[in-house]
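Bear in mind the structure is a predicted one, so any value in this text is a computation, not a measurement.
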Amino acid sequence: MPASPAAGVARKATVLRMMTQMLLLLLYGFMFLLATESCRTLCQAASKSKEQVSTRAHGDCHGACVDNSYCSQPCPPDTPGDVGFLCRQKKWHKVTDTCRTLTAFNIFEEDSNYVQIFGGSKFSEYTKKPETITDLLMEKCPQDLSCVIRNIQKSPRIPGNIAVIVQLLHNISTVPMTDVDEAKMQSYSIMANHILNSKSISNWTFIPDRNSSCILLHSINSFARKLFFNKHPIDIAETFIHTVGTILSRDNAGKNVTFSMRVNDTSDVVTGKVLISREELQEAPSPSQAVSIAFPTLGAILETSALESITVNGLVLSVILPKELERISLIFEKISKSEDRRTECAGWHSLESRWDRKVCQMIQENSQQVVCKCSPSKIFTSFSILMAPHVLQSPILIYITYIGLGVSICSLVLCLCIEALVWGQVTKTEISFLRHVCIANIATTLLMADVWFILASFLSGPMRRHSACVAATFFVHFFYLSVFFWMLAKALLILYGILIVFHTLPKSVLVAALFAVGYGCPLLIAAITVAATEPGKGYLRPEACWLNWDMTKALLAFVVPALAIVVVNLVTVTLVIVKTRRAAIGSSMFQEVRAIVRISRNIAILTPLLGLTWGFGIATVLNDGLLAFHIIFSLLNAFQGFFILVFGTILDPKIRDALKDRINSAKWISRISENVSSDFSRHPTKGPS
């Protein structure tokens, strides 16, 4: 029976409704896919934006750039922190950067307990009270500390993020734990490895806390000290941190842990070895454990916070050993095989955040590697080899220095001999007496300075004795300063003679004042310098027995007084020129004025020579690689004694006249002696018959 028209209409309506529903479903599906794709694209863009935070150019300061002025600019949107700029030479330079993408809200892997459930009222239980990232970490994944690893590894290595991770690692290391196992050490190493990456080294310089690298090393060593493994050794190898735990037993023939790691983003591999001999193992409890950690990049990172200009030239090796093991051997392969740079073994002083050379002794060195003997302790856990600053070893410099010093010493001895010969003839007036007291003491102090300089040069070197080197440096500093202060004493003598009536004070008082200036002031400066810098091992230069420059600027204790005296003396000479024009020939003061002029002429010649000498000395410190400065300084410094002999003694008319009188007198006495002898030979005395 054919279907009724109503039934056909109903079927058509049903089909139309089904088609409409299908179209709506397709439309909803398309809208959902479009929204999902848009969300994914936006998320990728946001992620990419975060990855590029470290390389994005922050806005420079737009204000007037005045030298040493400071300004700060905000970080890119949605990035907490700011960027600090310092004006140098009319340009803004970035000095600090605290921009960070890691916070307590995104460092953890997302889960239902941490993030807010959208559309409901459930919040994280952790938001009920303020807690640090470390507190949250110890609540979320105390077993293996792994719940932050993924987001840390994805974060850009910008200064702000580095600081956050360093603080996190430090806080973890201070949490009371007795069950640090391999899993926790693995997670800890992964977090540290992320910021030890060689690509992040330059960003460490912008962290406001300059001790961040020191804190990192101390934190890793502290955490590793809590590591416990009972039966089996462990080996946790990351690219920039490698941890090895070994079991020590007295039955062992010795322990040898070898590390091989890449440096400088190249395929070059550098090795380091920790050696514990059989004899040393007998001192340790059996069984016991030892933890060794190697870092290929930490040395360069530590350099960013070091006051001293040094270069770490090998792996940094940390060793955590039983306290009974007092000495271990370490072998470091050199990163730079340069043979003109001296190498030193050193340990990291964890309390003072510096390299200390006293804790290690170099046993052997060749062009490839260095063998060190070190004394580990709770303070000294990390060790490496340092490459001393470049020191010019030119044969020309050596010849100039020692030949010149020989000439200088002979000249000074001759100068003192001449002064002794003519002393009675040239010291008849009070001002002449005081003048020759100054000349004799200038020659004496420079002679002693030259002698101590030679002793200091023999004490310098890789195997130097520290206490002897300190003593030699002290006396070189003291006697060279004394030369300048006796020159100052001569200038003060001139001022006293010109500006004040000369005979108002007794000679003994004036002599005492001269000695107080000539020896008292240098002794005070030298003593304060060694007392202030030696306790922190900042008195000596790493490569020589002389005042330190890179670490404590102790050299300024010589340079500043010396150059100040040069200026005072030149001003004094100028004043003498103006004043002595008024003295008339034949006046009562004419003889004393002539003596003052002779002193002034002497100062006018010697002061610029001494000042020029140490001016080039400063240039050699600031530009150590320029041979010309070294040669000029060596020439001027070595022949100072010759200058004093010539300009202070030989060219003095009164001394020349006195010498002629002594020579003529000696000839006259010799002739009389010869005549008496000849008369005696012709008329011998007859004895009794």
List, one per line, each side-chain donor-acceptor pair under 3.5 Å for residues 234-248, sequence neighbours excluded.
{"residue": "D235", "atom": "OD1", "partner": "H242", "partner atom": "NE2", "Å": "2.6"}
{"residue": "E238", "atom": "OE2", "partner": "Q186", "partner atom": "NE2", "Å": "3.0"}

Can you confirm whether C345 sits close enough to V370 that some side-chain heavy atom of one is under 4.5 Å from a side-chain heavy atom of the other? yes
How about C360 and C372, are their SG atoms within less than 2.5 Å of each other? no
Pairwise side-chain contact, N161 with H194, heavy-atom cut-off 4.5 Å (strictly under): no
Mind checking whether R225 and K378 have side chains closer than 4.5 Å, heavy atoms only? yes
Inspect the surroundings of CD in E326 and state if more than 12 heavy atoms from other residues, nucleotides or ligands are less than 6.0 Å away. no
Is there a donor in the side chain of D450 and an acceptor in the side chain of S408, or the other way round, less than 3.5 Å apart? yes
Could you list the donor-acceptor pairs under 3.5 angstrom formed by side chains in residues 523-530, with sequence neighbours left out?
{"residue": "T529", "atom": "OG1", "partner": "I525", "partner atom": "O", "Å": "2.7"}

I'd like to check M138 versus L145 (side-chain heavy atoms, cut-off strictly below 4.5 Å). Are they in contact? yes
Determine yes or no for a side-chain-to-main-chain donor-acceptor pair under 3.5 angstrom, with D144 supplying the side chain and S187 the backbone. no
Could you check whether the rings of W452 and F475 sit parallel, tilted or perpendicular, using 30° and 60° as the cut-offs? parallel
Under 3.5 Å, is there a donor-acceptor pair between the N221 and S382 side chains? yes
Should H218 and W348 count as side-chain neighbours, where that means a heavy-atom distance under 4.5 Å? no
